[in-house]
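Okay, structure first, notes after.
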Amino acid sequence: MNFDFSDDQKQLRDQARKFLAEKCSPKAVRVVLDGKAPYDKELWKGLAEMGFLGVAIPEEFGGAGAGHLELCVIAEEMGRANAPVPFSSTVYLAAEALLIAGSDAQKKKWLPAIASGEAIGTLALFEGKGNPAPKNVKLAAANGVLNGVKKPVPDGAIADFAVVAARTGSSGRDGDVSLFLVDLKGAGVAVKSLTNLDPTRGQAEITFSDCKAEPLGAASEGWSTLTQVLDRAAVLCAFEQVGGSDRALEMGRDYALDRIAFGRQIGSFQAVKHMLADMYVSATLARSNSYYGAWALSTNAAELPEAAAAARISATQAFQHCAKNNIQVHGGMGFTWEFDCHMYYRRANAMALGLGSLSYWEDQLIERMRKKNAA
Amino acid sequence: MNFDDTPQEAEFRATARAWIGANAPKQYETELRKSSLGRTVLKNANILEVAKAWQKKKADAGWACLHWPKEYGGRGSSPIERVIWSQEEGPFGQLSRMFIIGHGMCGPTMMAFAREEHKRTYLPPLASGEKVWCQLFSEPAGGSDVAGLRTRAEKDGDDWVINGQKIWTSGAHYSDYGILLTRTDPDVPKHKGLTMFFLDMKSPGVEVRPIKQASGASDFNEVYFTNVRIPDHQRLGEVGDGWNVSLTTLMNERSAIGAAVSTGFPELFEYCSSLMLDDGPAIEDRAVRSKLANWAVKASGLKYTSMRAISALSKGERPGPENSIGKLVAGSMIQDVATYALDLQGASGVVSGEDAELAGRFQAMLLRAPGTRVEGGTDEIMRNIIAERVLGLPGDIRVDKDVPFNKIPTKGR
């Protein structure tokens, strides 16, 4: 047993951290936050050049073929830097869906483009309120065309293509849902940007009107593929959340050391110390659950569904907890636009909803544990 | 990152499993499985005798104190082998609870500070469970503030004469030896005037009085010392260096991570899996699921945190203060889990003991839980440790730090 990343993987982490510290400063993030650009194009290009976008994409499809543990390492650094790029939508959702269900031709078309930074992808799953569930997929697919509205679609306004979940049957079963690949630059697609909690990662409403689409994977396996994609993304997002938690904790710690009140560093007051200690505890639990998820993901273990749900819940809680209390430690300064605290608060709360809410994953975790115990 | 056993680990596991399968006291397995978290009860046997017999059997076959060196009664095993052993030992590992203080804290302190001949004399029978040890640190005046202790040790010829009182001493009523922290110089600041010893608990002048706890059990004791004589060669470390010696003991407490921390979660999940509520099975209830999920990720988070620590240990890194989170998280979790389990029982949750649901398992857990949050450092002390030693925040303001011990006020008003 060895429950840690390898030295090579740790080196990759250092490399990614250094790169992001240079290319993705809070100042750079603010260009997107303030609405001056939809995402950081330079950073996106740089990430492609570093090989980070295709780190888990096999070499035959233009990637580095390193694997998912390496992707977890990069994800943590993306979260720590609060990177304003469509990384999670393209790399976790679109690329993973292609890897699981894509035909050879589909993989050849899109995966090299993702790895090189030429194509941004996304997953169009949600249709307004509600969590991931076959019954909530209403957008209709018939005769190779889609009709319906998806929202929110992460990075939908800048994406070149989308994996779209659509209804192809009326049996009331999981098999009614199928996945399609859609070129978002083609006909029959109308995109509208939506304001959202975290402007550093956009959300959109996409209307499909007799839009041509090609099937991704077998029709009856759409929901099963989606479940796998969400589980993988849950682990990868958990690493982003762990990176964000650690950064928020560091910011709070550093401020508590710098700031003097009542003649003392505020970090010498137990009320502040204990708040920071609790942040450390939740970040640590999240990291440990995420490591287990990373192992399950990288080995495609039977434990993945349960491990992914646990990582998802733990990391979501930790990031929300750390981001919220980081502002509290900062006091009034923490509530200003000028300080960076709110960027992490926004990201934490947006990420808490992106793959389905916490209550959805709580339900998934217990259902999965129950099935395992019954087996 | 790999969760699977290496070939050597798999071989160790197979050997351990076979030996446990052939030798463990299986007649107690069901009872041990059902009892947990402050409620290890064997109806028709004396648990101390059963525990000692199992420990002796392990020692004779080379399975006692796995991580200790062989010459002191251990096996010289790696941290990972220790974990494998505890996984395989399963419910029988609960019997080792009698020896936790001795094996986890007194033994390592003896190894670090005792004379070689003392190590060879005292450690093997400690490892084999034939002799039980306790740790005499806390006092009525010094709990969280351990260095505030007042038990005096005064030199008299080749001996030291001890007078004073200890409290919260686990297992003192069945212990043969103890390590004892005393004040040898009240004229210097409190951390500088302490000295550590080990002593025979049957020495004249030692009196043990069990304390009846809030839970109704009596696992802890008060220990009174009246002119107890300890020979100087039983001193551990230098005169006045007792604080540093005690820090070694406490560091070793943290490294005693082989055994998984109890959280109460497996018990609650099992309970909810079969429980029927008014509206149907508890496990299908939305609110129940949410509660369970939140505790599930804490329990798994603790489990994998300890695995990360073990991986670090096996690469030669030292156990750090980050291991304080186990007790901090588990302590209040046990309390919350027990409270919730009783809430699910409705009005009948108030009944405890044999007449209660599951023979009072969660009621016993509830009543034991407050102690878990206090013993070995309160939640507040644990948070201070994390804040100061992990995060590097300033220490609390200590107005008594540079004051001679005998000038520190002793009453609030």
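All chains are named by letter (A, B, ...) in the order of the sequence lines, taking the proteins before the strands, and each is independently numbered beginning at 1.
Taking the charged nitrogens against the carboxylate oxygens, B/R289 and A/E367 do have a contact shorter than 4.0 Å, which makes a salt bridge. The residues B/E284 and A/R370 are annotated as salt-bridged, a charged nitrogen and a carboxylate oxygen being separated by less than 4.0 angstrom. Ion pairing of B/R308 with A/D4 is absent here, as no side-chain N (NZ or NE/NH1/NH2) approaches a carboxylate O to less than 4.0 Å.
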Query raised in the report: Passes side-chain contact (heavy atoms from CB on, under 4.5 Å), A/F3 versus B/I310? Steps please.
Result: CA-CA 8 Å; A/F3 198 35; B/I310 290 153; over 6 Å; no
Query raised in the report: Checking side-chain contact (heavy atoms from CB on, under 4.5 Å) for the pair B/L393/A/R253: CA distance, chi angles, key distance, verdict?
Result: CA-CA 7 Å; B/L393 292 162; A/R253 190 265 320 269; 4.3 Å; yes
Report task. Would you check, one step at a time, whether the test side chain to side chain donor-acceptor pair (under 3.5 Å) holds for A/H274 with B/N384? Result -> CA-CA 7 Å; A/H274 287 188; B/N384 269 11; 2.7 Å; yes
Query raised in the report: What's the verdict on side-chain contact (heavy atoms from CB on, under 4.5 Å) for B/F3 and A/T299, showing C-alpha distance, side-chain angles and the deciding distance?
Result: CA-CA 10 Å; B/F3 260 82; A/T299 55; over 6 Å; no
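When heavy atoms are compared at a cutoff of 4.5 Å, A/R287 approaches chain B by way of both its backbone and its side chain. Heavy atoms closer than 4.5 Å to chain A are found in both the backbone and the side chain of B/S300. At a 4.5 Å heavy-atom cutoff, the contact between A/L69 and chain B is made by side-chain atoms alone. Proximity to chain A (any heavy atom under 4.5 Å) is shown, for B/I84, by neither the backbone nor the side chain. Neither the backbone nor the side chain of A/M275 comes within contact range of chain B; no heavy atoms are under 4.5 Å apart. Residue A/L249 touches chain B through its side chain alone, counting heavy-atom pairs closer than 4.5 Å.
Aromatic rings from A/Y292 and B/Y304 are positioned such that their centres are separated by under 6.0 Å.
The 12-atom threshold is not exceeded at OH of A/Y345, counting heavy atoms of other residues, nucleotides or ligands nearer than 6.0 Å. Crowding of B/K327 atom NZ: a count of heavy atoms from other residues, nucleotides or ligands under 6.0 Å exceeding 12. Atom CD of B/E11 has 12 or fewer heavy atoms from other residues, nucleotides or ligands within 6.0 Å. Within a 6.0 Å radius of NZ in B/K401, other residues, nucleotides and ligands contribute 12 heavy atoms or fewer. For A/R264, the CZ atom counts as densely surrounded, since its 6.0 Å shell holds more than 12 non-hydrogen atoms of other residues, nucleotides or ligands. Residue-environment remark: CD (A/Q328) stays at or below the threshold of 12 foreign heavy atoms within 6.0 Å.
Taking 4.5 Å as the limit, some side-chain heavy atom of B/K315 sits within range of a side-chain heavy atom of A/N2. Counting only heavy atoms from C-beta outward, the side chains of A/M1 and B/N2 never approach each other to under 4.5 Å. In this structure the side chain of B/P394 reaches within 4.5 angstrom of the side chain of A/L257, judged on heavy atoms. Side-chain atoms of B/R383 and A/V281, non-hydrogen and from C-beta on, never get closer than 4.5 Å to each other.
With A/K273 contributing its side chain and B/I386 its backbone, the two residues share no donor-acceptor pair below 3.5 Å. Side-chain N or O atoms of B/R286 include one that pairs as donor or acceptor with a backbone N or O of A/S359 at under 3.5 Å.
Summarising the geometry of A/L365 relative to B/A296, their closest heavy-atom pair is CD2-CB, 3.9 Å, with the distance given to 0.1 Å. Shortest non-hydrogen contact noted between A/L285 and B/G301 is CD2-C, 3.6 Å. Minimum interatomic distance between B/T305 and A/S288 (heavy atoms only, all atoms of both residues): OG1-OG, 2.7 Å.
By number of non-hydrogen pairs under 4.5 angstrom with chain B, the leading residue of A/F269, A/F5, A/Y291 is A/Y291. Interface summary for chain A: among B/D4, B/I397, B/D5, B/D396, the most heavy-atom pairs under 4.5 angstrom belong to B/D396. When B/T6, B/L292, B/V297 are compared by the number of non-hydrogen pairs under 4.5 Å with chain A, B/V297 comes out ahead. For the set B/G395, B/S311, B/A387, the entry with the most heavy-atom pairs within less than 4.5 Å of chain A is B/S311. Most heavy-atom pairs under 4.5 Å with chain A, from the set B/M382, B/M307, B/E270: that is B/M307.
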